[in-house]
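Whatever order the structure lists them in is the order used to number ligands and atoms, beginning at 1. None of the values given here were measured: they were computed from a predicted structure. Computed over heavy atoms, backbone and side chain alike; hydrogens, waters and symmetry mates excluded.
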Amino acid sequence: MAKLLESKSVVDSQLEKLKKRVAALSQLGIVPNMRVILVGENPASLVYVKNKKTLSEKVGAQCTIDKLPENISKADFVSHLNSVVNNSAVHGCFVQLPLPQQLKDTPIAHMIPPSMDVDGFTPDSLFALMEGDKGEKALLPCTPKGIITLLQHYNIDISGKNIVIIGRSLIVGKPMSYLFTNHDATVTLCHSKTKNIKEHTQMADIIVVAIGVAEYLDETFLSKNKNQVIIDVGMNKKPDGKLCGDVHFQKVKDHCDSITPVPGGVGPMTVLSLIENLIFAAERKGR
Ligand code: NAP
């Protein structure tokens, strides 16, 4: 059985560090303050924002959820978002996705100032990543940042490794490819048009799967050497309602070196990264 790369021990150890940073800020009279904009009642979104609020409060930060009605007009939504980003007491803000149809083309990433961009999705944040940032300068996208934190916690080297990422979304696959590159890995980014994906995955040291296809990756994608690290970003619901990843855990667990479970793997790392970004944003503003 492969080693389980569980997030709990990582989160616990990082939380202690974050609490100290929040305590140092409070000496300066600063309490990190996050505003979350939630439109409608999407059940998954409600759970995500609750988790984010709970973790913020655990480290001593403030988190306010602005619940807006599902049928809010675009003008009212834009006006609300502008009022949040122009509030000097707010250090970080993000809009919980997905948004209802009438708001889908709102240029949110261009409306949130990079200094408040705790999700790491604004053009400036992404450009910093393209320039080689590893988090010294910009607020990094949360899931990629969380995956790096997890690998570092388990002393898994990234530098010089061959890493295959499956999935090229703007929130996971693409920024992940830049962040791994910035950590000196050699990255192959696969997607739905990639031919012979298994030829790539079988050669990889680390495989990251972020495609949203339940239990897609099985043992036939893996090297026979059983020495690969598997990072499962997927969060899918099976017909029986149970949560599962993009990796078929049962088929893969005896054919690799280590693997993130779902749940309890990448998901909590994403939330942790958001809180780290909030504290970084508050520290920068306080300087
Ligand atoms: P997304 O926007 O839905 O994009 C999916 C990507 O996967 C696309 O690039 C697509 O290729 C590729 N793809 C789809 N089917 C494929 C296949 N059969 N073979 C190869 N590539 C395929 O993805 P996302 O938003 O990154 O989400 C991916 C998964 O991660 C979802 O389950 C989501 O819930 C989960 N997620 C989890 C977290 C977390 O914190 N754990 C965070 C974000 C997302 P094309 O570009 O060619 O269409």
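- The side-chain hydrogen bond (donor to acceptor under 3.5 Å, both in side chains) test applied to Asp157 returns no partner, not counting sequence neighbours.
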One pair per line, please: each N/O atom of ligand 1 matched with every protein N/O atom under 3.5 Å away, atom names first, then the distance to 0.1 Å.
from: ligand 1; atom 1: 9 (O); to: Arg168; atom 2: N; distance (Å): 2.8
from: ligand 1; atom 1: 11 (O); to: Ser192; atom 2: N; distance (Å): 3.3
from: ligand 1; atom 1: 21 (N); to: Ser192; atom 2: N; distance (Å): 3.3
from: ligand 1; atom 1: 26 (O); to: Ser169; atom 2: OG; distance (Å): 2.6
from: ligand 1; atom 1: 32 (O); to: Met235; atom 2: N; distance (Å): 3.0
from: ligand 1; atom 1: 32 (O); to: Asn236; atom 2: OD1; distance (Å): 3.3
from: ligand 1; atom 1: 34 (O); to: Met235; atom 2: O; distance (Å): 3.4
from: ligand 1; atom 1: 40 (O); to: Thr270; atom 2: OG1; distance (Å): 2.7
from: ligand 1; atom 1: 41 (N); to: Val233; atom 2: O; distance (Å): 3.2
from: ligand 1; atom 1: 46 (O); to: Arg168; atom 2: NE; distance (Å): 2.7
from: ligand 1; atom 1: 47 (O); to: Arg168; atom 2: NE; distance (Å): 3.3
from: ligand 1; atom 1: 47 (O); to: Arg168; atom 2: NH2; distance (Å): 2.8
from: ligand 1; atom 1: 47 (O); to: Ser192; atom 2: N; distance (Å): 3.2
from: ligand 1; atom 1: 47 (O); to: Ser192; atom 2: OG; distance (Å): 2.5

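- Pairing each heavy atom of Asn182 with each of Leu129, the nearest pair is ND2-O, 3.0 Å.
- Qualifying side chain to side chain contact (heavy atoms under 4.5 Å, CB included) partners for Glu215, counting only residues two or more places apart in sequence or in other chains: Lys238, Cys244, His248.
- Aromatic pair Phe94/Phe121: centroids not less than 6.0 angstrom apart.
- Salt bridge status for Glu57 with Lys53: present, with a side-chain N to carboxylate O gap under 4.0 Å.
- For Val78, the side chain to side chain contact (heavy atoms under 4.5 Å, CB included) partners at least two apart in sequence or on another chain are Lys74, Asn82, Thr106, Met111.
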